[in-house]
Amino acid sequence: MRNLVSIDTVKLHLTNYELDANPNLIIEGENVNLNTGEIAGGLIYNGENCQIIGQKAYHNAPNFNLTLTRYGLFAQFSAPKIIHGENTQGMYCKTEFIEALNIVESKLNAIGVRANLHEATLTRLDLFRQAELPNLCASYTPIFEQLTLPNCVKSITNGTLLIRNKTLQYCLYDKEKEAGERGGRKFTPSSNLMRCEIRAINSKAVKSKFHLRAITDVLSHFDKLDTIYKANVSKLLRQPQGTSKAVNLLNLEKIMQAAKNESGKFGLHEVKKALQEIGLTYLSEKNQLNTFKEIALNSTEQSGANLRNLRNKLNALTRCENLLNSAQFIDLYSHLYTAFAA
């Protein structure tokens, strides 16, 4: 079965391994006493064939890297790069993933590391979908500016959106442009090929967000990767409402009139109800509630200053809503939703 979602970067904690007598590893943090010749440092490997003393030992290759510390042996690689030599193409079949694991195992054997990757646990896993969009990727920056998630940091750099916290990252970017720039082309034009990656960057995130723990879980649930990806990306890209037409905004006076409670003041419940009627479809719930609370708190007294404050806030909200509910915005948002979350 062929998935719509591809695995990209994989980081494994190797639990079943053995080193040859002279593995091809660079050792760091090894200290030698010049007077006695004794080696000082932590013992990070003690096997039948060799001992390694130091802070860490590593081997970096073009398509994978290996690191040995006192916490264990870790291998990281991009599965598509192992199969295709680059990761512009995805890797959508379980047989290809098994082939990638076997290739990495053989590469480890070649440097004196005997390991069974099929018994490894996961400490990072990246999933992605990519699609040819109707417009150039640069056209979707206004959408990126409106996407948010609670308790996350957002940045937009050269048309790339990154939303992250300590365990999970969402990244949307122009894949062809990124590949060109990584290949040394400084001025790569925008393309239509967008990628949306979700990166679980530690073992806790892999388990809690993807419900996977080890390579055996990936192999036994490979046909569920689409569902796992969609469950996470749908938190960022929610199903659009009223996709075919713009919402007609109420004018300022009608909003203010609708937001008055029975006592003639502007209460939180009334403001929330009135603004919901004009549809804050694409703003996060947190932003909605903050907006409601701020307007209500500044509207408990109908002084001139408070009304001006309210009017300014509602005007700003109106400008935002004009953008969010415009036909062009809805079309662009729908492209992203259809490509990555539908």
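Values in this document were obtained by computation on a predicted structure and should not be read as measured data.
If you chain together hydrophobic residues whose side chains sit under 4.5 Å apart, Leu136 and Tyr337 never meet in one group. Put simply, Val153 and Leu236 are part of two different groups of oily side chains (I, L, V, M, F, W, Y) that touch within less than 4.5 Å, one to the next. No single ILVMFWY cluster, assembled from side-chain heavy atoms under 4.5 Å apart, contains both Tyr173 and Leu161. Val5 and Leu219 end up in the same hydrophobic cluster when Ile, Leu, Val, Met, Phe, Trp and Tyr side chains are linked at under 4.5 Å.
A donor-acceptor pair is defined here as one N or O able to donate and one able to accept, closer than 3.5 Å; no such pair exists between the side chain of Asp8 and the backbone of Ala79. Side-chain atoms of Arg195 never come within 3.5 Å of backbone atoms of Phe128 as a donor-acceptor pair (strictly under, hydrogens ignored). A donor-acceptor contact shorter than 3.5 Å links the side chain of His84 to the backbone of Gly90. The main-chain N or O of Ile143 is never found under 3.5 Å from a side-chain atom of Tyr333 such that the two would form a donor-acceptor pair. Without hydrogens or angle criteria, Ser220 side chain to Thr216 main chain gives a donor-acceptor distance under 3.5 Å. Looking at Thr338, its side chain never comes within 3.5 Å of a backbone N or O of His335 through a donor-acceptor pair. Between the side chain of Asp174 and the main chain of Cys137, no donor-acceptor pair closer than 3.5 Å is present. A donor-acceptor pair under 3.5 Å is absent between the side-chain atoms of Asn232 and the main chain of Tyr229, judged by distance alone. Under the 3.5 Å distance criterion, the side-chain polar atoms of Thr121 are left unmatched by any main-chain donor or acceptor of Ala214. No side-chain donor-acceptor contact under 3.5 Å links Asp20 to the backbone of Pro23.
Here the CZ-CD distance, from Arg70 to Gln55, works out to 8.5 Å after rounding to the nearest 0.5 Å. Taken to the nearest 0.5 Å, the CG atom of Leu149 stands 5.0 Å off from the CD1 atom of Ile163. Note: Lys235 NZ to Ile198 CD1 = 9.0 Å, rounded to the nearest 0.5 Å. The line from CG of Asp331 to CG of Leu336 is 11.5 Å long, rounded to the nearest 0.5 Å. One distance of note links NZ of Lys94 with CD1 of Ile7; it measures 11.0 Å at 0.5 Å rounding. Interatomic distance, CG of Asn60 versus CG of Leu25, reported as 10.5 Å (0.5 Å rounding).
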>> Using side chain to side chain contact (heavy atoms under 4.5 Å, CB included), reason through Ile53 and Ile44 one step at a time and then give a plain yes or no.
In response: CA-CA 6 Å; Ile53 298 173; Ile44 58 175; over 6 Å; no

> Please walk me through it: do Leu212 and Lys207 pass side chain to side chain contact (heavy atoms under 4.5 Å, CB included)?
Replying inline: CA-CA 5 Å; Leu212 303 169; Lys207 186 176 180 180; over 6 Å; no

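Using modelled atom types and a 3.5 Å distance limit, the side chains of Asn165 and Thr167 yield a donor-acceptor pair. A side-chain donor-acceptor contact under 3.5 Å links Asn16 and Glu119. Arg164 and Gln169 form no side-chain donor-acceptor contact under 3.5 Å, judged by distance and modelled atom types alone. Glu132 and Asn192 are not linked by any side-chain donor-acceptor pair at a separation below 3.5 angstrom, with hydrogens and angles left out of the test. No side-chain donor from either of Asn202 and Lys11 sits under 3.5 Å from a side-chain acceptor of the other.
In this structure the side chain of Glu197 never reaches within 4.5 angstrom of the side chain of Tyr170, judged on heavy atoms. At a threshold of 4.5 Å between non-hydrogen side-chain atoms, the residues Leu68 and Leu19 count as touching. Residues Leu162 and Lys154 are not in side-chain contact: their nearest non-hydrogen atoms beyond the backbone lie 4.5 Å or more apart. Inter-residue side-chain proximity for Leu101 and Val104 is flagged as unmet; no heavy-atom pair is nearer than 4.5 Å. No side-chain heavy atom of Gln76 sits under 4.5 Å from any side-chain heavy atom of Val10. Counting heavy atoms from C-beta outward, Phe210 and Val218 have side chains that stay 4.5 Å or more apart. Annotation: side chain of Phe74 is in contact with side chain of Thr69 (closest heavy-atom distance under 4.5 Å). The closest side-chain heavy-atom distance from Leu172 to Thr160 is not below 4.5 Å.
Using bins of under 30°, 30° to 60° and over 60° for the plane-to-plane angle, the ring pair His59/Phe64 lands in the parallel bin.
Between Ala115 and Tyr17, the closest heavy-atom pair is CB-CB, 3.9 Å. The shortest heavy-atom contact between Phe222 and Cys93 is CE2-C, 3.5 Å. Residue Ala75 comes nearest to Leu14 through the heavy atom pair CB-CD1, 4.2 Å, listed as atom of the first residue, atom of the second, then distance. Scanning both residues, Ala131 and Phe340, for their nearest heavy atoms gives N-CE2, 4.2 Å. Smallest separation of non-hydrogen atoms from Ile98 and His118: CG2-CE1, 4.2 Å. Of all non-hydrogen atoms in Arg124 and Ile201, the two that sit nearest each other are CG-CA, 4.1 Å.
Checking Leu66, Thr9, Leu12 one by one against Phe77, the side chain to side chain contact (heavy atoms under 4.5 Å, CB included) holds for a single residue, Leu12.
Under the 6.0 Å distance and 45° angle rule, Lys56 counts as a cation-pi partner of Tyr58.
Other residues, nucleotides and ligands contribute only 12 or fewer heavy atoms inside 6.0 Å of the NZ atom of Lys166. Atom CG of Asn46 has more than 12 heavy atoms from other residues, nucleotides or ligands within 6.0 Å. When the shell of 6.0 Å around CG of Asn22 is examined, it contains 12 or fewer heavy atoms from other residues, nucleotides or ligands.
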